*Asks:* 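My questions will all concern the structure given below.
Within every chain, numbering begins at 1; the chains are lettered A, B, ... in the order of the sequence lines, protein sequences first and strands thereafter. All values reported here derive from a predicted model rather than from experimental measurement.
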Amino acid sequence: GAGVSQSPSNKVTEKGKDVELRCDPISGHTALYWYRQSLGQGLEFLIYFQGNSAPDKSGLPSDRFSAERTGGSVSTLTIQRTQQEDSAVYLCASNLMGNEQFFGPGTRLTVL
Amino acid sequence: GQNIDQPTEMTATEGAIVQINCTYQTSGFNGLFWYQQHAGEAPTFLSYNVLDGLEEKGRFSSFLSRSKGYSYLLLKELQMKDSASYLCAVSSAGNMLTFGGGTRLMVKP
């Protein structure tokens with residue numbers, strides 16, 4: 001079956017521009033997560049969606065970051081007025097409650 | 001707060017055994033995961049421990065001691081393809097995972 005997919009795989013943007021990153025979770029998975037991974041570092045939690053509950057936004061680093069999940073499926077992570085320190089790989093994962101998370105291939109964001 | 005510690009780098013020889021340790025201090029505990037991540041790829045699930053003891057899965061085993069806040073991943077009969085980063089992650093309240101910084105394992109011939 002299809003795994004978690006993300007698009008685009010690579011994104012290069014100029015400082016100050018807005019970007020949108022997309023995640024298609026595995027069908028039927030109720031939970032969706034966004035993480036950020038800087039080069040050679042571990043995963044930094046950003047935001048978590050569980051079913052129709054209000055998302056847990058506790059990991060978002062600033063108000064320039066936001067995310068939504070429409071219809072309990074596809075999610076979009078938006079970064080406004082990008083900064084160079086936003087450059088990283090953005091990973092999306094999904095799962096059913098309590099099980100291991102399945103990760104997408106990530107979007108590599110480079111802010112010039 | 002959440003704190004997960006693991007060594008940054010380890011080196012081992014092909015065919016040998018290596019143990020990667022992870023210590024954690026978290027508010028709440030619903031289990032501990034180990035993930036493997038090859039360079040430029042997404043993490044993939046290796047193991048899950050929620051009870052104390054050893055879980056064996058082929059060449060890989062994972063151990064958990066909840067009272068000590070300690071886990072290790074044991075890799076036997078190392079192969080070159082095992083060169084990767086190994087991520088320890090703790091599940092706490094709300095089904096969320098907190099990841100350690102990862103251990104980069106280099107397997108040499």
Side-chain angles (χ1 to χ4, degrees), chain A residues 2-7 9-10 21 23-26 29-60 67 69 88-110, chain B residues 1-10 20 22-24 26-51 55 57 60 62 71 73 83-106:
Chain A
V4 178
S5 61
Q6 294 185 243
S7 61
S9 55
N10 279 284
L21 312 180
C23 172
D24 282 90
I26 292 174
H29 280 188
T30 55
L32 186 148
Y33 312 78
W34 283 99
Y35 297 91
R36 179 169 69 176
Q37 187 173 34
S38 300
L39 187 63
Q41 303 297 311
L43 274 66
E44 174 190 3
F45 165 76
L46 297 178
I47 189 169
Y48 159 52
F49 296 89
Q50 174 61 52
N52 295 321
S53 303
D56 182 332
K57 305 179 182 179
S58 59
L60 294 179
R69 187 179 185 193
V89 175
Y90 289 82
L91 290 162
C92 174
S94 71
N95 71 347
L96 291 172
M97 191 70 179
N99 292 342
E100 73 266 24
Q101 295 181 15
F102 294 84
F103 285 83
T107 293
R108 182 176 299 277
L109 175 66
T110 303
Chain B
Q2 317 283 66
N3 190 40
I4 300 176
D5 289 315
Q6 48 182 135
T8 306
E9 285 190 358
M10 297 183 72
I20 303 174
C22 172
T23 58
Y24 63 90
T26 59
S27 52
F29 181 82
N30 289 335
L32 187 143
F33 293 80
W34 283 96
Y35 282 82
Q36 181 190 59
Q37 186 178 27
H38 285 99
E41 298 182 11
T44 54
F45 169 77
L46 285 179
S47 68
Y48 170 66
N49 293 70
V50 66
L51 300 176
E55 295 279 343
K57 189 186 295 185
F60 293 4
S62 57
S71 173
L73 180 69
S83 293
S85 287
Y86 292 85
L87 309 175
C88 173
V90 173
S91 175
S92 54
N95 199 34
M96 290 163 43
L97 288 182
T98 301
F99 282 83
T103 299
R104 187 184 311 169
L105 174 66
M106 289 173 284

*Asks:* Counting only non-hydrogen atoms closer than 4.5 Å, does I4(B) touch chain A with its backbone (N, CA, C, O), its side chain (CB onward), both, or neither?
*Replies:* neither
*Asks:* Hey, could you give me the CG/CZ distance between L87(B) and F103(A), rounded to the nearest 0.5 Å?
*Replies:* 8.0 Å
*Asks:* Are E100(A) and F33(B) packed together at the side-chain level, in the sense that at least one heavy-atom pair is separated by less than 4.5 angstrom?
*Replies:* yes
*Asks:* Quick check against the 3.5 Å criterion: does Y35(B) have a side-chain atom that pairs as donor or acceptor with the backbone of Q101(A)?
*Replies:* yes
*Asks:* Which bit of Q6(B) comes within less than 4.5 Å of chain A, counting heavy atoms only: side chain, backbone, both or neither?
*Replies:* neither
*Asks:* Examine whether an atom of L91(A) lies under 4.5 Å from a heavy atom of chain B, and if so say whether it belongs to the side chain, the backbone or both; otherwise answer neither.
*Replies:* side chain
*Asks:* Flag the pair F99(B) / Y35(A) as yes when at least one side-chain heavy-atom distance between them is below 4.5 Å, and no otherwise.
*Replies:* yes
*Asks:* Give me the atom names and distance for the closest heavy-atom approach of P105(A) to A42(B).
*Replies:* CA-CB, 4.1 Å
*Asks:* How many angstroms lie between atom CD of Q41(A) and atom OG1 of T8(B), to the nearest 0.5 angstrom?
*Replies:* 9.0 Å
